[in-house]
Protein chains: 2
Amino acid sequence: MAGLTDRRTARTQKALHGALMSLILRKGYEAITVQDIIDEADVGRSTFYAHYTGKEDLLRSGFRALRMELAEAQDAAGATSDGSRGEPLGFSLAMFDHAGEYKHIYRALVGERGAVVAVNEIRRILSEIVRKELSGAQGDEAVPGEVRNQFVVGTFVTVLTWWLERRPKLAPSQVDTIFRRLVLNGIGPSRCDTSHQE
Amino acid sequence: MAGLTDRRTARTQKALHGALMSLILRKGYEAITVQDIIDEADVGRSTFYAHYTGKEDLLRSGFRALRMELAEAQDAAGATSDGSRGEPLGFSLAMFDHAGEYKHIYRALVGERGAVVAVNEIRRILSEIVRKELSGAQGDEAVPGEVRNQFVVGTFVTVLTWWLERRPKLAPSQVDTIFRRLVLNGIGPSRCDTSHQE
DNA sequence: GATAATCTCGAACATCGTGTTCATTATCAT
DNA sequence: ATGATAATGAACACGATGTTCGAGATTATC
């Protein structure tokens with residue numbers, strides 16, 4: 001009924017996605033050519049272009065699953081009620097968990113030799129989520145909402161990248177703590193607790 | 001004496017840089033080909049490759065001037081003494097000023113359709129600077145130094161991008177205020193002043 | 001001004017990746 | 001079984017890259 005019928009297309013698309021993932025792990029996204037992908041997937045050239053406009057399109061299509069998974073996680077976490085009352089930044093731990101699970105892929109996508117396309121896609125997904133969570137709570141009026149949003153997303157990507165490249169042994173929860181610390185408090189002098197100064 | 005003699009090479013390099021800048025403003029960095037550059041600069045193809053390995057190399061070489069200019073600005077600002085005592089984040093205003101002066105170029109390089117190479121270059125330059133400034137002051141021990149460094153740089157790029165793309169009318173000093181606010185305080189609940197809660 | 005060094009030119013070339021076309025073959029849904 | 005649809009693979013046009021080389025132009029230096 002729906003569009004998911006024909007087994008042939010499903011098989012082809014699965015093969016192409018698998019090939020892309022293997023290749024990303026093997027040689028990094030940027031270095032991959034369409035030729036590599038169809039060789040690895042053992043699929044005809046014209047077949048590839050019948051499904052996707054290029055490797056970027058193929059990669060992007062892989063993010064739909066992530067988008068949905070995160071949307072559900074957010075709904076589940078924020079199911080407390082209407083707004084964003086459960087936790088300040090409820091999305092972050094779920095996201096770090098997800099990244100921890102597919103650590104190899106994330107590292108290959110997010111690092112220096114990673115895929116800008118992928119990072120942008122992640123940014124876009126996170127922007128939506130953060131916008132919802134931040135819509136209620138209004139903090140500093142000296143800092144416009146848009147830039148606050150971008151700040152949260154940017155910090156997340158920063159911490160994510162640092163984690164995967166420099167401290168892959170850390171647990172998602174530990175990374176999440178660092179993230180929240182930075183986003184909520186910055187790096188300013190300690191904080192309110194009036195610690196001893198001189 | 002030094003390497004800067006021959007007027008021919010100087011002329012050629014200047015022409016190529018100028019051509020690259022014009023093209024960046026006209027059609028964005030990614031869309032530019034070497035052919036475009038040498039047409040615009042009216043320079044032979046082999047001549048181009050005698051000087052640079054590609055458009056990326058050409059772009060990168062343009063950042064040396066910036067690197068030096070910023071190093072001087074930092075030395076001048078931090079000339080107070082040995083360490084980083086003058087201001088917490090002394091580099092930021094100088095950098096925003098510089099970006100404000102060459103606003104068109106920066107916007108074309110930093111935006112969505114900008115040049116990853118350029119942003120990476122900016123990141124690298126800033127990392128050096130921030131590392132020096134942050135080496136003395138040790139804040140939160142729960143947040144490792146490396147990630148704090150990346151956090152500052154990342155936030156700078158975020159604010160810079162937002163400024164150039166969404167609020168180009170703002171003055172550098174205003175943007176700088178927002179940047180410092182975010183870096184030092186984050187977006188945490190109001191502040192220490194124990195405002196009325198319920 | 002003459003000389004030797006060296007920079008520039010431009011055309012030609014090999015190479016590679018892209019994206020399309022089309023007739024043929026294989027697989028699917030029913 | 002059969003009509004519909006997907007996959008194949010070879011061929012093609014195109015555009016960009018990076019290199020080579022001999023001839024000519026510009027330069028530094030004496």
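Here is how names work: the chains are called A, B, and so on, in the same order as the sequence lines, proteins then strands, and each is numbered from 1.
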Who pairs with A:H104 by side-chain contact (heavy atoms from CB on, under 4.5 Å), at least two apart in sequence or on another chain? A:L25, A:R107

Looking at A:S46, does any N or O in its side chain come under 4.0 Å of the phosphate oxygens OP1/OP2 on D:dA7? no

Where the side chain of A:Y49 is concerned, which of D:dT27, C:dT20, C:dT8 is the nearest nucleotide? C:dT20

Among the nucleotides C:dC9, C:dG17, D:dG18, whichever has the atom closest to the side chain of B:T47 is C:dC9

Identify the residue among A:N185, A:T155, A:N149, A:V183 that makes a side-chain contact (heavy atoms from CB on, under 4.5 Å) with B:I187. A:V183

Taken to the nearest whole Å, CD1/B:I38 to C1'/C:dT8 is 13 Å

Rounded to the Å, how far apart are A:Q13 CD and D:dT5 P? 17 Å

Report which part of the nucleic acid B:D36 touches: base, sugar-phosphate, or nothing (heavy-atom distance under 4.0 Å, all strands). nothing

Minimum-distance nucleotide to A:R7 side chain [options: C:dC22, C:dC28, C:dG19]: C:dC28

Nearest nucleotide by nearest heavy atom, which residue falls closer to the 5' end of DNA chain D, B:R11 or B:Q35? B:Q35

Using whole Å, what does the distance between atom C1' of nucleotide D:dG15 and atom CD1 of B:I37 come to? 16 Å

Are OP1 or OP2 of D:dA7 and a side-chain N or O of A:H51 less than 4.0 angstrom apart? yes

Rounding to a whole Å, what distance do you find between B:F48:CZ and C:dT8:P? 13 Å

Indicate if B:L93 and A:V143 have the same hydrophobic cluster label, given that clusters are the connected sets of ILVMFWY residues with side-chain heavy-atom separations under 4.5 angstrom. no

Side-chain ion pair, A:D36 and A:K27, N-O less than 4.0 Å: yes

Do B:R8 and D:dT27 have a side chain to base donor-acceptor pair shorter than 3.5 Å? no

Nearest-angstrom distance from the residue atom OH of B:Y52 to P of C:dT8: 10 Å

Does the distance from a Lys or Arg side-chain N to an Asp or Glu carboxylate O, for A:E128 and A:R131, drop under 4.0 Å? no

Integer-rounded Å distance: D:dG18 P and B:E56 CD: 10 Å

Among the candidates C:dC9, D:dA11, C:dC28, find the nucleotide nearest to the side-chain atoms of B:V43. C:dC9

Of A:T53 and B:A50, the one whose nearest nucleotide on DNA chain C sits closer to the 5' end is B:A50

Within this structure, what is the CG-to-C1' distance between B:D57 and D:dG18, rounded to whole angstrom? 14 Å

Closest listed nucleotide, where the reference is the side chain of A:R45 and the choices are D:dA7, C:dT18, D:dT17: C:dT18

Send over the distance from B:K27 NZ to D:dA16 P, rounded to a whole Å. 8 Å

